[in-house]
Amino acid sequence: MQTSRRSILKGSILASLAGTMGATAMSASAAEKQAALPKKEYDLVICGLGIGGIVTAIRAAQDGLKPVILEKMSSASGNTIYSAGFMLGVNTKMQQEKKLETGDTVDKFYEDMMKVSQGRGDPKLTRLVAEKADETLNWLHDYVGVKYAVGMKLVWPMLQRAHLTIGEKKPGGTQLMLYLLAKAKELNVPIVYNAKAVELLDNPQNGKVIGVKVKSKEGFEEYFGKYGVVMATGGFSANKIVNFQRFPTLDAKKLVNAPKMSAHHRGICHF
C-alpha cells in the first residue's frame, strides 16, 4: 500500500498536536500541583532559630510586624546554647550602675577588634558592631529581660567589657536563648520546628525574594514575607567544601559545632 505525502504530513501534524496537548495537560497538572502547596503569609519570614534569627523576630514584633521563624531542627540547638554567654560593651547601663571606670571607648573597641582579626575584618561592619554594642546590650537587658554580671576582666585588653548572661541555666549561652525564647513567646512569635528551607521564592518580575519553600514531616509548604526573607541559618563551619574555598589554609578539625548542628549553609544560599 502506498502512502501519500499528504497523509504523512497529516499524520505528523496530528501526532504533533497530540504531543502538544499532552505536554499542556502535564504542565497544567504540574501547575495545579504547585498551586496546591499550602501557603502562609507573614510580614517577615526568618530562617534559623539561632540568636540572630530570634533577635530579628523579637525586634520585628516590637515594631508591630508579624514575623515567623522556621527552624529545621526539633529545638533551638544552635551553637549559641553551647557558648559561655559573654557579650561585650563599652559603657552600658549595667556598667554605669556598678560605677565601673573602664577608661574604654568605642574607638578603642573598634581598634581592638581589628587587631584581633589581624586586619581582616570588614572595617565598616566592625565599626558598626563597636558603635551599636552598648545599645544592643541595653535593649537585651531592658526589653528582653536578660540579666548580666559585669565588671569582669577577661583576656587582653582587660577593659571590663565582658557582660556574662546569668540565670538558672548554664552555660550563659543556654540562659541567653531561654530569655529570648520566653520573650518571643510573650510576643506570640510563631516558631515552626522541623521546617527545612529548601528553595527561595522570588518575584519573576523583579527577582526580589518574597518567600521560601519549606520541607516538613507533612510535606512541602510555602511561606511568604511581605517585607522579605531573613536568612539567619548560621555559618558554614561544617561544610568542608565551602571552608576550603574560603579559607584554604584552615584546619577544619579545629572547628567546633553543636552535636546536632549541620552548619552546612548550602543548597539555597550562594556564596
Side-chain angles (χ1 to χ4, degrees), residues 37-63 65-85 87 136 139-140 143-146 165 167 169 171-202 209-239 242 255-271:
L37 287 178
K39 300 181 188 300
K40 298 182 180 180
E41 297 182 354
Y42 292 86
D43 287 330
L44 194 64
V45 177
I46 301 166
C47 297
L49 182 58
I51 189 170
I54 195 167
V55 166
T56 300
I58 290 172
R59 188 53 189 263
Q62 181 184 9
D63 289 340
L65 301 181
K66 294 182 179 180
V68 62
I69 303 175
L70 307 176
E71 169 56 45
K72 69 178 181 180
M73 305 299 289
S74 59
S75 63
S77 56
N79 280 333
T80 298
I81 67 173
Y82 295 92
S83 70
M87 302 181 74
T136 301
W139 177 80
L140 286 168
Y143 185 71
V144 179
V146 179
T165 305
K169 298 292 184 180
T174 296
Q175 184 61 57
L176 176 59
M177 182 56 75
L178 290 175
Y179 282 129
L180 293 165
L181 287 169
K183 189 64 180 182
K185 183 177 181 180
E186 176 188 322
L187 295 171
N188 295 315
V189 174
I191 300 175
V192 184
Y193 294 100
N194 300 305
K196 182 178 181 180
V198 296
E199 180 183 352
L200 293 176
L201 306 175
D202 61 8
V209 175
I210 57 175
V212 63
K213 184 178 179 180
V214 172
K215 182 180 180 181
S216 65
K217 294 180 179 179
E218 290 73 31
F220 291 97
E221 295 180 308
E222 291 179 341
Y223 285 79
F224 291 92
K226 181 179 180 180
Y227 298 104
V229 176
V230 175
M231 297 303 298
T233 51
F236 47 87
S237 54
N239 189 325
V242 175
L255 294 173
V256 179
N257 288 295
K260 296 181 180 180
M261 187 176 178
S262 62
H264 283 169
H265 202 117
R266 65 182 179 183
I268 62 175
C269 290
H270 177 69
F271 284 91

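These numbers come from a predicted model, not from an experiment. Computation of the quantities below employed the complete heavy-atom set of this structure, encompassing side-chain atoms and omitting hydrogens, waters and symmetry-equivalent molecules.
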Peer 1: Do other residues, nucleotides or ligands put more than 12 heavy atoms under 6.0 Å from E41 CD?
Peer 2: no

Peer 1: Quick check: closest heavy atoms across L181 and A76, and the distance to 0.1 Å?
Peer 2: CD1-CB, 4.3 Å

Peer 1: Which residue is it: L49, L44, V230? I am looking for the one with a side chain to side chain contact (heavy atoms under 4.5 Å, CB included) to I69.
Peer 2: L49

Peer 1: Can you tell me how far apart CD (E221) and CG (L70) are? Round to the nearest 0.5 Å.
Peer 2: 9.0 Å

Peer 1: When rounded to the nearest 0.5 angstrom, what distance separates OG in S83 from CE in M177?
Peer 2: 9.0 Å

Peer 1: So which atom in L187 and which in A61 form the shortest heavy-atom distance, rounded to 0.1 Å?
Peer 2: CD1-CB, 3.9 Å

Peer 1: Side chain to side chain contact (heavy atoms under 4.5 Å, CB included) for K169 and I81? Distances and angles first, verdict last.
Peer 2: CA-CA 10 Å; K169 298 292 184 180; I81 67 173; over 6 Å; no

Peer 1: What are the two closest non-hydrogen atoms of Y42 and P67, and how far apart are they?
Peer 2: CD2-O, 4.0 Å

Peer 1: Hey, does the side chain of K213 reach the backbone of F220 with a donor-acceptor pair shorter than 3.5 angstrom?
Peer 2: no

Peer 1: Got L140 and L180 here, is their nearest side-chain heavy-atom distance under 4.5 Å?
Peer 2: yes

Peer 1: Just so I know, are the side chains of K40 and V68 near enough to count as touching, which here means a heavy-atom distance under 4.5 Å?
Peer 2: no

Peer 1: At what distance, to the nearest 0.5 angstrom, does CD1 of I58 lie from CH2 of W139?
Peer 2: 5.0 Å

Peer 1: For residues V212 and M231, determine if any side-chain heavy atom of one lies less than 4.5 Å from a side-chain heavy atom of the other.
Peer 2: no

Peer 1: Work out which heavy atom in P190 is nearest to a heavy atom in N188; give both atom names and the distance.
Peer 2: CD-O, 3.3 Å

Peer 1: Considering non-hydrogen atoms only, spot the tightest contact between V146 and T165 and give its length.
Peer 2: CG1-CG2, 3.9 Å

Peer 1: Can you see whether F224 has K39 sitting over its ring - NZ or CZ less than 6.0 Å from the centre and within 45° of the normal?
Peer 2: no

Peer 1: Within the structure provided, determine whether K183 and Y143 are in side-chain contact (heavy-atom separation under 4.5 Å).
Peer 2: yes

Peer 1: Looking only at heavy atoms, which two atoms of G52 and A232 are closest? And how far apart?
Peer 2: C-CB, 4.2 Å

Peer 1: Distance from E222 atom CD to E199 atom CD, nearest 0.5 Å?
Peer 2: 8.0 Å

Peer 1: Is there side-chain contact between N194 and S216, with heavy atoms separated by less than 4.5 Å?
Peer 2: no

